[in-house]
Amino acid sequence: MARAIMLQGTGSDVGKTVLVAGLCRLAANRGLAVRPFKPQNMSNNAAVADDGGEIGRAQWLQSLAARTPSSVHMNPVLLKPQSENGSQIIVQGRVFGQAKGRDYQRLKPQLLGAVLESFEKVAAGADLVIVEGAGSPAEINLRSGDIANMGFATRAGVPVVLVGDIDRGGVIASLVGTHAILDDGDRAMIAGYIINKFRGDVSLFDDGIRAIEGFTGWPCFGVVPWLPGAARLPAEDSVVLERLARGEAGALKIAVPVLPRIANFDDLDPLRTEPDVELVFVRSGERLPADAGLVVLPGSKSTISDLADFRAQGWDRDLQAHVRRGGRVIGICGGYQMLGRTVHDPLGLEGGTVETPGLGLVDVETEMAPEKTVRNSHARSTEYDAPLAGYQIHLGITRGPDCDRPSAIIDGTPDGALSADGRIMGTYLHGLFGSDAYRARLLQSFGLSGERRNYHESVDQALDEVAGDLERHLDPRWLAGLLG
């Protein structure tokens with residue numbers, strides 16, 4: 001059996017995903033066969049694994065860091081929120097069903113078998129498996145039936161490293177408090193801890209380390225500073241959208257309305273890297289900027305409810321004004337469905353609304369269907385004759401006169417639609433902005449020139465940079481034991 005270690009957090013968004021990715025790259029750079037694993041993830045940022053099926057985008061990134069093909073077994077349970085208290089459940093890459101929060105708590109023990117089976121498959125042939133927890137083991141109200149943190153660690157016999165985020169404050173209390181409320185069996189699984197996102201002189205925290213050890217007996221495996229490379233990695237959790245600052249003023253302003261069930265928003269990451277682009281995430285209560293040259297409607301896990309929210313914000317009127325001014329619009333997946341005349345849901349797959357009018361910017365209609373399209377794809381842009389590579393994850397079939405002007409040819413099949421004037425475009429292909437050639441031609445159409453950086457190469461370089469920083473800041477003795 002492969003060696004394994006599990007990173008759990010004192011809370012959500014403490015940086016576990018980046019630390020796991022960095023450790024995977026560090027292990028791979030040392031010649032180890034390393035694999036990432038996350039028993040349960042909750043995210044609408046999904047990826048299509050190399051063996052087919054959906055996994056969290058973070059586990060796809062971690063497999064890239066590990067230089068190994070991605071697999072549905074790296075994230076056997078994926079929850080995709082569809083409403084305030086309900087999610088679609090993906091098990092080993094396939095739709096398992098839907099459940100509300102309380103119902104899912106009762107369902108979790110049934111999923112433990114799939115989690116442990118997937119862990120065995122990931123560990124087979126590996127030297128090391130680096131596991132990422134979800135949320136925090138301190139949520140002891142959820143301990144019964146847990147499969148994401150200590151429930152998995154105790155059943156699989158995987159030691160735990162606790163990660164505390166010092167940037168948010170209260171890290172000593174978070175670590176000591178976690179020690180205090182865990183039961184003896186769970187507490188015994190913790191081998192030590194890492195302090196993450198430190199700013200300034202690390203020696204100033206020496207007394208903090210001594211205090212934590214005095215209360216818990218746990219050793220510190222390192223104090224990790226803010227990692228510059230992390231900012232160039234695709235973000236997984238929608239909580240990141242709350243912190244994204246307005247981009248630097250650029251020659252082209254691109255506006256993105258942040259929908260309640262926004263999905264696969266890492267589609268926008270390549271645009272964020274462009275120095276002459278100002279990417280503006282428009283939040284609830286804000287208006288679509290009148291000076292935007294392009295509006296991108298991103299993917300959505302719940303097209304119909306997000307369309308209702310789009311109207312409630314008044315963004316439909318803003319978008320119509322944008323188009324009248326000569327502005328351009330790109331809709332991706334759910335955003336593409338919103339651009340049409342109507343969205344039909346006769347089987348109630350997204351809830352109780354059977355039919356809702358779309359934004360009417362392209363002459364197409366969408367009908368939701370139970371068969372889900374999930375696949376990686378190679379494509380070509382018909383607008384710019386540029387190669388594309390991405391993936392599709394969607395329910396629904398879209399048809400109409402504007403489909404006679406497809407925006408892309410995906411795996412030999414026409415996809416998407418263009419308006420008659422060419423200013424409105426929709427597609428089911430996620431990842432199109434990651435194509436350097438397409439991005440260059442798109443920005444050139446707005447009068448921007450110059451070489452476009454290789455986006456995928458920049459992500460790979462960022463992973464190497466994060467790995468190098470972890471090697472410098474983590475305890476070399478602990479690393480030697482983990483990677484030796």
Side-chain angles (χ1 to χ4, degrees), residues 1-9 16-17 19-21 23-28 30-43 46-79 89-97 104 107-135 137 142-162 185-186 188-191 374 481-484:
M1 192 72 173
R3 298 193 308 278
I5 193 75
M6 184 175 193
L7 270 59
Q8 296 183 19
K16 300 185 302 292
T17 295
L19 292 179
V20 170
L23 288 171
C24 282
R25 176 52 60 92
L26 182 55
R30 294 194 181 187
L32 295 180
V34 58
R35 308 285 184 267
F37 183 76
K38 183 160 186 167
Q40 174 194 292
N41 199 349
M42 177 177 280
S43 177
V48 180
D50 289 324
D51 55 0
E54 295 181 71
I55 60 173
R57 198 79 188 149
Q59 281 61 66
W60 177 88
L61 175 68
Q62 289 162 355
S63 71
L64 180 69
R67 296 198 175 97
T68 191
S70 57
S71 168
V72 296
H73 295 294
M74 292 174 175
N75 176 207
V77 178
L78 173 63
L79 307 179
I89 305 169
I90 309 294
V91 177
Q92 293 180 337
R94 300 288 180 263
V95 176
F96 178 85
Y104 178 68
L107 181 63
K108 285 194 297 185
Q110 301 176 37
L111 302 178
L112 181 59
V115 168
L116 294 174
E117 176 189 50
S118 288
F119 179 63
E120 289 184 8
K121 290 181 180 294
V122 169
D127 298 316
L128 174 65
V129 180
I130 304 179
V131 186
E132 180 183 347
L142 303 177
R143 178 60 178 88
S144 177
D146 173 60
I147 62 174
N149 290 304
M150 287 300 181
F152 167 80
T154 54
R155 283 296 300 270
V158 177
V160 173
V161 174
L162 202 56
D186 287 353
M189 298 303 300
I190 298 181
V374 179
L482 180 66
L483 306 178

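- Interatomic distance, CD of E120 versus NE2 of H73, reported as 11.0 Å (0.5 Å rounding).
- Minimum interatomic distance between A153 and Q8 (heavy atoms only, all atoms of both residues): CB-NE2, 4.1 Å.
- Between V77 and P39 there is no side-chain heavy-atom pair separated by less than 4.5 Å.
- For R143, the salt bridge (Lys or Arg N to Asp or Glu O under 4.0 Å) test picks out D186, with sequence neighbours left out.
- The nearest pair of heavy atoms linking A49 to V72 is CB-N, 3.7 Å.
- Looking only at distances, a side-chain donor or acceptor of Q92 sits under 3.5 Å from a matching main-chain atom of A114.
- Taking CG of L78 as the start and CD of E54 as the end, the distance is 6.5 Å to the nearest 0.5 Å.
- The two residues V34 and T68 come nearest to each other via the heavy atoms O-CG2, 4.0 Å.
- D146 places a side-chain N or O within 3.5 Å of a backbone atom of G151 that can act as its donor or acceptor partner.
- Here the side chain of N149 pairs no donor or acceptor atom with the backbone of G133 at under 3.5 angstrom.
- A distance of 8.5 Å separates CG in L61 from OG1 in T17, rounded to the nearest 0.5 Å.
- The shortest non-hydrogen separation linking P76 to K38 is CD-O, 3.3 Å.
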Going through the distances and angles, do M150 and I190 end up as a side chain to side chain contact (heavy atoms under 4.5 Å, CB included)? CA-CA 10 Å; M150 287 300 181; I190 298 181; 3.6 Å; yes
For I89 and V95: C-alpha separation, side-chain torsions, deciding distance, then whether side chain to side chain contact (heavy atoms under 4.5 Å, CB included) applies. CA-CA 6 Å; I89 305 169; V95 176; over 6 Å; no
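- Q59 and S70 share no side-chain donor-acceptor pair at under 3.5 Å.
- Put simply, the side chain of S63 gets close to the backbone of W60: a donor and an acceptor are under 3.5 Å apart.
- Atom CG in L111 sits 5.5 Å away from atom OH in Y104 (nearest 0.5 Å).
- Looking at M6 and M189, their side chains never come closer than 4.5 Å, going by heavy atoms from C-beta outward.
- Summarising the geometry of G56 relative to N41, their closest heavy-atom pair is CA-ND2, 3.9 Å, with the distance given to 0.1 Å.
- Listed for the D127 side chain is a donor-acceptor partner under 3.5 Å among the backbone atoms of A33.
- Between atom CZ of residue R3 and atom CG of residue L482 there is a gap of 6.5 Å, rounded to the nearest 0.5 Å.
- Residue pairs meeting the ring-ring contact (aromatic ring centres under 6.0 Å, His included) criterion with at least one member in residues 143-162, sequence neighbours excluded: F37-F152, F119-F152.
- Here the closest heavy-atom approach between residue A28 and residue A65 is recorded as CB-O, 4.0 Å.
- Put simply, CD1 on I130 and CG on L23 are 4.5 Å apart, with the number rounded to the nearest 0.5 Å.
- Applying the salt bridge (charged side-chain N to carboxylate O under 4.0 Å, His left out) test to residues at least two apart or on different chains, the pairs with a partner in residues 60-75 are R67-D464.
- Looking at P137 and L162, their side chains come closer than 4.5 Å, going by heavy atoms from C-beta outward.
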